[in-house]
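Encoded as structure tokens, the structure appears first; notes follow it.
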Amino acid sequence: MSDKAGKKYWEYSWSSVQLPALIDPRVLNLNNFPNRRFHHYFSDVFSKIEANQMKLLEIGCARSAWLPYFAREFGFKVYGIDYSEVGCQQAKQVLFNAGVEGEIVCADFFYPPTTMLEEFDVVVSFGVAEHFEDTTACIKVFSKFLKPNGVIVTVIPNMVGVIGWIQKILDRQIFDIHLPLDSNGLAQAHNYSGLEVLDCNYFISTSFGICNLNGVRSGSLEWSIKKTVLALLSRFSMFIWFVEDNFFLLPTSSWYSPYINCTARKL
Ligand SMILES: C[S@@+](CC[C@H](N)C(=O)[O-])C[C@H]1O[C@@H](n2cnc3c(N)ncnc32)[C@H](O)[C@@H]1O
């Protein structure tokens with residue numbers, strides 16, 4: 001089963017971007033608000049398990065800024081799998097730059113080395129499952145990497161709300177490589193895969209910055225206008241985060257939240 005984008009798309013995407021900054025939840029600036037909330041989320045999930053020296057696998061780990069984070073913050077031994085050679089090379093470089101040991105396997109996760117099956121205590125993915133037409137088949141494959149009782153955390157962008165709608169207007173091509181899924185659909189895919197869903201919910205109030213313009217020709221008038229619109233929307237998200245940082249957290253919702261996080265356990 002191939003994803004709606006295809007390997008060529010990922011190879012091309014990763015060869016034209018810089019390495020991401022490392023994730024540091026202690027950086028207090030507003031841009032880092034989503035990462036600080038993710039840290040809160042993962043700290044809660046991993047407070048229930050003895051993470052130190054346990055094995056964590058990131059599926060679709062291209063250029064991952066998350067692997068060093070999981071190793072440093074929780075003491076996981078970190079691994080990643082991705083079929084993009086450029087993406088894997090970059091993931092290795094990010095680990096090296098962070099001074100963190102880890103293993104990156106360049107392979108199709110539908111046909112992984114058998115030594116990787118039932119090998120991990122935790123499996124995470126960020127923005128991978130929603131690129132497949134059959135979400136359950138995809139999550140079933142993810143769960144094969146888990147040991148019994150292992151925990152899976154699946155993070156996807158919320159394309160059913162306003163952010164999906166804006167993505168569709170700004171760049172239809174990018175919207176079309178996603179399967180719009182709501183929290184029930186994502187939870188169901190985990191349930192149908194024989195996993196016990198512990199939590200599946202919309203995550204953080206808003207973040208328009210997750211929309212992207214990769215399909216619009218860079219430098220064109222259309223691109224300049226859309227980029228300005230996106231920059232203004234991102235400023236608006238930052239204003240909301242300022243309110244949340246200084247006063248109170250706003251509710252998450254299917255309408256405005258940028259992500260859906262699902263945590264489940266293998267029975
Ligand atoms: C949206 S990206 C993940 C994003 C990346 N981890 C990040 O946060 O920037 C999805 C990744 O899944 C990988 N992928 C898609 N299908 C795959 C497959 N069958 N086997 C291995 N990797 C796959 C792609 O190469 C791509 O790097």
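In listed order, ligands and their atoms are each counted from 1. Every value quoted in this text rests on a predicted model; they were computed, and no experiment measured them. Atoms considered below: every heavy atom in the structure, side chains included; atoms not considered: hydrogens, waters and symmetry mates.
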When the ring planes of [X] and [Y] are compared, do they come out parallel, tilted or perpendicular, using 30° and 60° as the limits?
| X | Y | answer |
| --- | --- | --- |
| His131 | His178 | tilted |
| Tyr41 | Phe203 | perpendicular |
| His39 | Tyr69 | perpendicular |

Where on [X] is there a heavy atom closer than 4.0 Å to ligand 1, on the side chain, on the backbone, on both, or on neither?
| X | answer |
| --- | --- |
| Phe132 | side chain |
| Trp66 | neither |
| Lys7 | neither |
| Asp3 | side chain |
| Tyr83 | both |

Under 4.0 Å to a heavy atom of [X] - the qualifying atoms of ligand 1, by number:
| X | value |
| --- | --- |
| Glu58 | 6 (N) |
| Trp14 | 2 (S), 9 (O), 26 (C), 27 (O) |
| Phe110 | 19 (N) |
| Ala62 | 5 (C), 6 (N), 27 (O) |
| Arg63 | 9 (O) |

Please round to the nearest 0.5 Å and tell me the distance separating atom [atom1] of [X] and atom [atom2] of [Y].
| X | Y | atom1 | atom2 | value |
| --- | --- | --- | --- | --- |
| Thr135 | Phe142 | OG1 | CZ | 10.0 Å |
| Gln167 | Ile210 | CD | CD1 | 8.0 Å |
| Glu101 | Lys77 | CD | NZ | 9.5 Å |
| Phe46 | Leu56 | CZ | CG | 6.0 Å |

Test side-chain contact (heavy atoms from CB on, under 4.5 Å) applied to Asn32 and Asn29, step by step:
CA-CA 6 Å; Asn32 206 37; Asn29 66 34; 3.5 Å; yes
Are any of the N/O atoms on Val128, whether in the backbone or the side chain, positioned under 3.5 angstrom from an N/O atom of ligand 1?
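The answer is no, given that Val128 and ligand 1 share no N or O pair closer than 3.5 Å.
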Heteroatom proximity flag, Trp10 to ligand 1, N/O under 3.5 Å
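In fact, backbone or side chain, Trp10 has no N or O that close.
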Shortest protein contact, [atom] (heavy atom only):
| atom | value |
| --- | --- |
| atom 11 (C) of ligand 1 | Asp82 OD2, 3.7 Å |
| atom 20 (N) of ligand 1 | Phe109 N, 2.9 Å |
| atom 12 (O) of ligand 1 | Gly60 CA, 3.6 Å |
| atom 19 (N) of ligand 1 | Asp108 OD1, 2.9 Å |

Can a non-hydrogen atom of [X] be found less than 4.0 Å from any atom of ligand 1?
| X | value |
| --- | --- |
| Ala107 | yes |
| Ile81 | no |
| Glu11 | no |

When you check the gap from the basic side-chain N to the acidic O, do Glu85 and Lys7 get nearer than 4.0 Å?
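The answer is yes: the pair qualifies as a salt bridge.
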Are Lys55 and Asp121 within salt-bridge range, i.e. N to O under 4.0 Å?
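Judged by the 4.0 Å cut-off on N to carboxylate O distance, Lys55 and Asp121 do not form a salt bridge.
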Could you name the option among Tyr111, Tyr9, Phe126 that has the heavy atom nearest to atom 4 (C) of ligand 1?
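The nearest heavy atom belongs to Phe126.
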Among Gly127, Cys106, Ser84, Pro112, closest by any non-hydrogen atom to atom 1 (C) of ligand 1
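Selected option, by shortest heavy-atom distance: Gly127.
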Contact between Asn261 and Cys200 at the side-chain level, heavy atoms closer than 4.5 Å - yes or no?
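No, every pair of side-chain atoms sits at 4.5 Å or beyond.
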Steps toward ring pair (Phe, Tyr, Trp, His ring centres under 6.0 Å) verdict (Phe110, Phe145):
CA-CA 11 Å; Phe110 287 98; Phe145 292 94; 9.7 Å; no
Report the C-alpha separation of Trp223 and Lys226 in whole Å, then their side-chain angles, then the decisive distance to 0.1 Å, and conclude whether the side-chain contact (heavy atoms from CB on, under 4.5 Å) test is met.
CA-CA 5 Å; Trp223 178 83; Lys226 289 180 169 176; 6.0 Å; no
